[in-house]
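Everything numeric here is computed off the predicted structure, so don't read it as measured data. Reckoned from all heavy atoms, side chains included, excluding hydrogens, waters and symmetry mates.
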Amino acid sequence: MLRTIYDEDHEAFRKTLRAFIEKEMLPHSEQWFEDGLVPRELFRKLGELGYFGIEVPEEYGGAGLETFKYTAILAEEVIGAGTAIGGGSVHVELCLPYLKAYATEEQKRRWFPGFITGETMFAIAMTEPGAGSDLAGMKTTARLSDDGSHYILNGAKTFITGGVQADRVIVCARTSPATENDRRHGISLLVVDTTLPGYTVGRKLDKIGLRTSDTAELSFVDVAVPVEDLLGEQDRGFMYLGHNLPRERLGIAVGAFAQARTAVDLAQNYTLERQVFGTPVAKFQNTKFELATCKAHVDAMEAVIDRAIEAIDDGMFSPAEAASVKLFCTETASVVIDKCLQLHGGYGYMNEYPIARLYTDNRVNRIYGGTSEVMKTIIAKSMGL
């Protein structure tokens, strides 16, 4: 079926992006995989390409486009090429919406120039060692100083994508105690300068997948964060997190779709070339049936994704709908990619084959941004169950 959500401008961007990937990324992807992160230089080149500024308002130097479509195109093209932009995805997909929605005029003028160029990379720190999906259970605290000039930040975060290289991190911290009736009360967002004394990047975590995306542990010991770096209003952070989660979950779903589509292409090409008993593997009925099933799954995912992208651009994308899209696409992608790896036989288990990396990269989609179990809870609640 012909995709109708992208126009000539989108396809021109896709063409430019493909040339950029071919020249600036693919020759270095294997080294980045071994290093476990992309170089800072890539962020600056993405800034020069204009990607980081697409959704930044014009008055701050951006293109001022209110659309998720360019983000979706980047995910499709980067994943399809078998490479990655590391923390660059979090910089745009997760952090930018918070800055646009809740930063003051002064903060925007201070932060957006470096954001657009890639000189100032942002990450967001929600998850803690003892509180995964339960954000209301976070223990990190930020106490306002006696003179009211700064917050004193103490605590720890883990699984922070882009945390190794970030220059600013949006840290979720408790600024007031939870109330008896509302565990979510008292959480605030601080945009923390990572060079401040007491801010420490711990281990770069050793993941089974997404190895080119740096993931870190962070710790804070009496970090003095200026009150000017409070994002939004104090104690309203949980509401802000809930407002932006649908976009984050759609981003994960788009990535899962792109992974599944790429896996089908890889399996189709491999089985056409690979011969068993003198016959291409693609000629066996089982292979045809498996690939046909996978193609049908990918077609269904594409329809769901395209409908969701239009909905979020129109401001009509609810948290329950985001949960449904994420649940369907991540769970379906895991089935598709598993089948495609199986069609590769033993070679599918080797890291030198892209399908193996897709298999491990895909697994976290059902965990981060809210587990599949959490998605089911949200959907069930929206059904009145």
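The side-chain hydrogen bond (donor to acceptor under 3.5 Å, both in side chains) contacts involving residues 201-210 comprise Arg203-Glu217, Asp206-Arg211, Lys207-Thr215, where partners must be two or more places apart or lie in separate chains. Applying the side-chain hydrogen bond (donor to acceptor under 3.5 Å, both in side chains) test to pairs two or more places apart or on separate chains, those with a residue in residues 306-316 are Arg3-Asp306, Thr67-Asp313, Lys69-Glu310. Identified under the ring pair (Phe, Tyr, Trp, His ring centres under 6.0 Å) test for residues 39-59, with sequence neighbours left out: Phe52-His91. Sorted by first then second residue, the ring pair (Phe, Tyr, Trp, His ring centres under 6.0 Å) pairs that include residues 366-385, not counting sequence neighbours, number zero.
Scored by the side-chain hydrogen bond (donor to acceptor under 3.5 Å, both in side chains) test, Glu11 finds Arg14 as partners (sequence neighbours excluded). In terms of the side-chain hydrogen bond (donor to acceptor under 3.5 Å, both in side chains) criterion, residue partners of Glu331 (sequence neighbours excluded) are, by chain and number, Ser372. Under the rule for a side-chain hydrogen bond (donor to acceptor under 3.5 Å, both in side chains), the partners of Glu66 that lie at least two apart in sequence or sit in another chain are Lys100. Residues that satisfy the side-chain hydrogen bond (donor to acceptor under 3.5 Å, both in side chains) test with Tyr98, not counting sequence neighbours, are absent from this structure.
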Identify all side-chain donor-acceptor contacts of residues 275-289 below 3.5 Å with residues at least two apart in sequence or on another chain.
residue: Thr287; atom: OG1; partner: Val281; partner atom: O; Å: 2.8

Name every donor-acceptor pair, under 3.5 Å, that has one atom in a side chain of residues 159-177 and the other anywhere in the protein, sequence neighbours excluded.
residue: Gln165; atom: NE2; partner: Val38; partner atom: O; Å: 2.9
residue: Asp167; atom: OD1; partner: Arg40; partner atom: NH1; Å: 3.4
residue: Asp167; atom: OD2; partner: Arg40; partner atom: NH1; Å: 3.3
residue: Asp167; atom: OD2; partner: Arg40; partner atom: NH2; Å: 2.9
residue: Asp167; atom: OD2; partner: Met121; partner atom: N; Å: 2.7
residue: Arg168; atom: NH1; partner: Val191; partner atom: O; Å: 3.0
residue: Arg168; atom: NH1; partner: Asp229; partner atom: OD2; Å: 3.0
residue: Arg174; atom: NH1; partner: Ser176; partner atom: O; Å: 3.2
residue: Arg174; atom: NH1; partner: His185; partner atom: O; Å: 2.5
residue: Arg174; atom: NH2; partner: Ala136; partner atom: O; Å: 3.0
residue: Arg174; atom: NH2; partner: Arg183; partner atom: O; Å: 3.1
residue: Thr175; atom: OG1; partner: Gly186; partner atom: O; Å: 3.1
residue: Thr175; atom: OG1; partner: Ser188; partner atom: OG; Å: 2.6
residue: Thr175; atom: OG1; partner: Asp235; partner atom: OD1; Å: 2.5
residue: Ser176; atom: OG; partner: Asp235; partner atom: OD1; Å: 3.0
residue: Ser176; atom: OG; partner: Asp235; partner atom: OD2; Å: 2.9

Only distances under 3.5 Å count here; give the side-chain donor-acceptor pairs of residues 343-352 to other protein atoms, sequence neighbours excluded, each with its distance to 0.1 Å.
residue: His344; atom: ND1; partner: Cys340; partner atom: O; Å: 2.8

Taking distance alone, no hydrogens or angles, what donor-acceptor pairs closer than 3.5 Å link side-chain atoms of residues 241-258 to residues at least two apart or in another chain?
residue: Asn244; atom: ND2; partner: Tyr240; partner atom: O; Å: 3.3
residue: Arg247; atom: NE; partner: Glu93; partner atom: O; Å: 3.3
residue: Arg247; atom: NH1; partner: Glu55; partner atom: OE1; Å: 3.2
residue: Arg247; atom: NH2; partner: Glu55; partner atom: OE2; Å: 2.9
residue: Arg249; atom: NE; partner: Gly369; partner atom: O; Å: 2.6
residue: Arg249; atom: NH2; partner: Gly369; partner atom: O; Å: 3.3

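Between the side chains of Tyr60 and Glu105, at least one donor-acceptor pair of N or O atoms lies under 3.5 Å.
Val336 and Tyr270 end up in different hydrophobic clusters when Ile, Leu, Val, Met, Phe, Trp and Tyr side chains are linked at under 4.5 Å.
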Steps toward side-chain contact (heavy atoms from CB on, under 4.5 Å) verdict (Lys157, Met126):
CA-CA 7 Å; Lys157 299 290 182 178; Met126 303 184 206; 5.6 Å; no
Before giving the answer on side chain to side chain donor-acceptor pair (under 3.5 Å), spell out for Thr179 and Asn181 the whole-Å C-alpha distance, their side-chain angles and the decisive distance to 0.1 Å.
CA-CA 5 Å; Thr179 65; Asn181 297 323; 5.9 Å; no
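Panel note: side chain Ser145, backbone His150; a donor-acceptor pair is recorded below 3.5 Å.
The environment of Tyr359 atom OH is sparse: at most 12 non-hydrogen atoms of other residues, nucleotides or ligands sit within 6.0 angstrom.
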